[in-house]
K.L.:
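Just dropping this structure here.
All values below come from the heavy atoms of this structure, side chains included, with hydrogens, waters and symmetry mates left out. Along the sequence shown, residues carry numbers from 1.
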Amino acid sequence: MADNSKAEDTASDSVDAAKNASDKKEKLADQVMQNPQVLAALQERLDNTALTPSSYIETLPKAVKRRIDALKQLQVKCAHIEAKFYEEVHDLERKYAALYQPLFDKRREFINGEAEPTDAESEWHSENEEEEKLAGDLKNAVVIEEKAEAEETNVKGIPDFWFTIFRNVDMLSELVQEYDEPILKHLQDIKVKFSEPGQPMSFSLEFHFGPNDYFSNTVLTKTYKMKSEPDKTDPFSFEGPEIVDCEGCTIDWKKGKNVTVKTIKKKQKHKGRGTVRTITKQVPNDSFFNFFNPIKVSGDGESLDEDSEFTLAADFEIGHFFRERIVPRAVLYFTGEAIEDDDNV
């Protein structure tokens, strides 16, 4: 009987201890919950949880989650159909490029003075026709001597056509150095060429130059390789074709005319004898013509540093701008009208 009494006392003590501990926890919890900072933190956490879509998805029944996964499968298939759509768009671009080309060839002839437009071809009705008529009347009042002098200049084509576009467009003018300008004045045409059927998607820019004192190339090329398929690891990020790499060309510079490098002199002290000598070395130089020697995207999966990634992204943007804006609408960038339209967008 004594043993039973002791056991009962021990059990009673355990219950009391547990009850006291529970009471303490409740009191502590009450104290914590009365703390305004703790309450605010808890409320913020609840608010954030309520606003997070993924947290809502986690609360759904397993059967519903299974259906959502099925929707994602459908979305991936949509992305692959979209990729096919863009491949066909590329084929259409190639087809219509061939239709545009005769017009661009005639544009080149007018620019370079290889042909003169007829009266019908040069007729253009401007929105500001009355102002232009008044300006024309004023021009007719110019003295005969000045008219004769203007006629004697015998200007050929449209001088500095492409160079003026480079100067007008901020994206391009930022790349052009003063020593690039005389070279760009020899630029006669820019063409866009699309990859042939069955070849990987790409486009090339061709810069056609007249004879000059700087290099012997008549054409400088830049090819942009494109990808039009969803990424296997992130298919939902697909938004259409993207440029993934580019290749330039070798410029055959004439002796002493390479503007992409500069020669510097550096004094070097001999460690043993203590004598000083002057050495010369070539270092890279800022120039638009570095455009034809782009950073190469690593094929072994190595990531580029931040500066290289920025430079490559800017290069891709410029290539796309040449293709989509400059080449198709060159005259409007020459006159500045396209730049005004771009600013108003």
K.L.:
Under the 4.5 Å side-chain heavy-atom rule for ILVMFWY, direct or indirect, which residues accompany L71?
P.N.:
L74

K.L.:
Could you please spell out the steps behind the side-chain contact (heavy atoms from CB on, under 4.5 Å) verdict for N293 and T260?
P.N.:
CA-CA 10 Å; N293 184 28; T260 65; over 6 Å; no

K.L.:
Between OH of Y224 and CG of L205, what distance do you get to the nearest 0.5 Å?
P.N.:
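Going from OH on Y224 over to CG on L205, the span is 6.0 Å.
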
K.L.:
Taking atom CG of D160 and atom CD1 of I111, what is their separation to the nearest 0.5 Å?
P.N.:
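The CD1 atom of I111 is 11.5 Å from CG of D160, to the nearest 0.5 Å.
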
K.L.:
Within the distance-only criterion (no hydrogens, no angle test), does the side chain of K254 pair as donor or acceptor with the backbone N or O of N212 below 3.5 angstrom?
P.N.:
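Here the side-chain-to-backbone pair exists.
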
K.L.:
Please check: side-chain N/O of D180 versus main-chain N/O of Q177, any donor-acceptor pairing under 3.5 Å?
P.N.:
yes

K.L.:
In terms of heavy-atom contacts, does CD of E178 have more than 12 from other residues, nucleotides or ligands at under 6.0 Å?
P.N.:
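Atom CD in E178 is not crowded, with 12 or fewer foreign heavy atoms closer than 6.0 Å.
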
K.L.:
Within the structure provided, determine whether E93 and Y100 are in side-chain contact (heavy-atom separation under 4.5 Å).
P.N.:
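Answer no - side chains too far apart.
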
K.L.:
Tell me yes or no: between the side chains of D105 and Q101, is some donor less than 3.5 Å from an acceptor?
P.N.:
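Yes, side-chain donor-acceptor contact under 3.5 Å.
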
K.L.:
What class does the angle between the rings of F292 and F288 fall in, given that below 30° is parallel, 30 to 60° is tilted and above 60° is perpendicular?
P.N.:
perpendicular

K.L.:
Atom CG in N285, atom CG in N258: separation rounded to 0.5 Å?
P.N.:
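So the gap between those two atoms works out to 9.0 Å.
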
K.L.:
Applying side-chain contact (heavy atoms from CB on, under 4.5 Å) to W162 and D189, what does each step give before you reach the verdict?
P.N.:
CA-CA 7 Å; W162 293 102; D189 198 13; 3.7 Å; yes

K.L.:
Could you check whether any side-chain heavy atom of H208 comes within less than 4.5 Å of a side-chain heavy atom of R108, counting everything from C-beta outward?
P.N.:
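Sidechains of R108 and H208: no contact.
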
K.L.:
According to a 4.5 Å side-chain heavy-atom criterion applied to Ile, Leu, Val, Met, Phe, Trp and Tyr, with indirect links allowed, do M171 and F207 form part of one hydrophobic cluster?
P.N.:
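The answer is yes; both residues are in one hydrophobic cluster.
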
K.L.:
So do the side chains of P197 and R94 get within less than 4.5 Å of each other, counting heavy atoms only?
P.N.:
yes

K.L.:
Calculate, to the nearest 0.5 Å, the distance between atoms CD and OH belonging to E181 and Y179 respectively.
P.N.:
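Here the rounded value is 11.0 Å.
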
K.L.:
Kindly give the heavy-atom pair with the smallest separation between K65 and E58, and that separation in Å.
P.N.:
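What the structure gives for the nearest pair is NZ-O, 3.3 Å.
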
K.L.:
Take atom NZ in K77; do more than 12 heavy atoms of anything else shown fall under 6.0 Å from it?
P.N.:
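Open.
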
K.L.:
K222 side chain to F291 main-chain N or O, any donor-acceptor pair under 3.5 Å?
P.N.:
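It does hold such a pair.
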
K.L.:
Could you walk me through whether I190 and I165 satisfy the side-chain contact (heavy atoms from CB on, under 4.5 Å) test, starting with their C-alpha distance in whole Å, then the side-chain angles of each, then the deciding distance to 0.1 Å, before giving a yes or no?
P.N.:
CA-CA 12 Å; I190 305 177; I165 292 174; over 6 Å; no

K.L.:
Is it the case that over 12 heavy atoms from other parts of the model lie below 6.0 angstrom from the NZ atom of K262?
P.N.:
no

K.L.:
Validate the cation-pi geometry between R107 and F110: distance from NZ or CZ to the six-membered ring centre under 6.0 Å, angle to the ring axis within 45°.
P.N.:
no

K.L.:
What's the shortest heavy-atom distance between L312 and C246, and which atoms?
P.N.:
CD1-SG, 4.4 Å

K.L.:
Evaluate the side-chain proximity of V327 to K191: yes if any heavy-atom separation is below 4.5 Å, no if none is.
P.N.:
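No, every pair of side-chain atoms sits at 4.5 Å or beyond.
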
K.L.:
Between L172 and F321, is there a shared hydrophobic cluster once you connect ILVMFWY residues whose side-chain heavy atoms come closer than 4.5 Å?
P.N.:
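Linked, L172 and F321 end up in one cluster.
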
K.L.:
Nearest heavy-atom pair of L187 and F166: which atoms, and what distance?
P.N.:
CD2-CE1, 3.8 Å

K.L.:
Under 4.5 Å between any side-chain heavy atoms of I68 and I57, yes or no?
P.N.:
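Sidechains of I57 and I68: in contact.
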
K.L.:
Tell me whether Y96 at atom OH has more than 12 heavy atoms from other residues, nucleotides or ligands lying less than 6.0 Å away.
P.N.:
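No.
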
K.L.:
Taking it one step at a time, do F238 and V76 satisfy side-chain contact (heavy atoms from CB on, under 4.5 Å)?
P.N.:
CA-CA 10 Å; F238 180 72; V76 170; over 6 Å; no

K.L.:
Quick check on the hydrophobic clustering: are V259 and V261 connected, directly or via other members, by side-chain heavy-atom contacts under 4.5 Å?
P.N.:
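Shared cluster, no.
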
K.L.:
Of all heavy-atom pairs between T59 and Y56, which one has the smallest distance, and what is that distance?
P.N.:
OG1-O, 2.5 Å

K.L.:
What distance do H186 atom NE2 and D213 atom CG have between them, rounded to the nearest 0.5 Å?
P.N.:
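Reported to 0.5 Å precision, the distance equals 6.5 Å.
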
K.L.:
Check F316 against V244 and note the closest heavy-atom contact, atom names and distance.
P.N.:
CZ-C, 3.8 Å

K.L.:
Please tell me if the side chains of M226 and F203 come closer than 4.5 Å, counting only heavy atoms from C-beta onward.
P.N.:
yes

K.L.:
State, with a plain yes or no, whether a side-chain heavy atom of T164 is found less than 4.5 Å away from one of I158.
P.N.:
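Result no, sub-4.5 Å side-chain heavy-atom pair not found.
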
K.L.:
Would a 4.5 Å heavy-atom cut-off, applied to side chains only, mark E82 and E239 as touching?
P.N.:
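Heavy-atom side-chain distance check fails, nothing below 4.5 Å.
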
K.L.:
For S195 and S202, indicate whether the former's side chain and the latter's backbone hold a donor-acceptor pair under 3.5 Å.
P.N.:
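Yes.
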
K.L.:
Quick one: OG on S204 to CD on E247, what's the gap to the nearest 0.5 Å?
P.N.:
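Output value for this atom pair is 9.0 Å.
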
K.L.:
Classify the ring geometry of W253 against F215: parallel below 30°, tilted from 30° to 60°, perpendicular beyond 60°.
P.N.:
perpendicular

K.L.:
Near E114 CD, under 6.0 Å, is it more than 12 heavy atoms from other residues, nucleotides or ligands?
P.N.:
yes

K.L.:
Taking the side chain from D252 and the backbone from N217, do they hold a donor-acceptor pair closer than 3.5 Å?
P.N.:
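Checking the backbone N and O of N217 against the side chain of D252, no donor-acceptor pair under 3.5 Å is found.
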
K.L.:
Specify the closest pair of heavy atoms between F163 and K185, including all atoms of both residues, with the distance to one decimal.
P.N.:
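Looking at all heavy atoms of both residues, the shortest contact is CE2-CE, 3.7 Å.
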
K.L.:
Going by salt bridge (charged side-chain N to carboxylate O under 4.0 Å, His left out), name the residues that satisfy it together with E87, two or more places apart in sequence or in a different chain.
P.N.:
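By the salt bridge (charged side-chain N to carboxylate O under 4.0 Å, His left out) rule, E87 matches K84.
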
K.L.:
Main chain of D245, side chain of D315: is a donor-acceptor contact present, judged purely on distance under 3.5 Å?
P.N.:
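Checking the backbone N and O of D245 against the side chain of D315, no donor-acceptor pair under 3.5 Å is found.
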
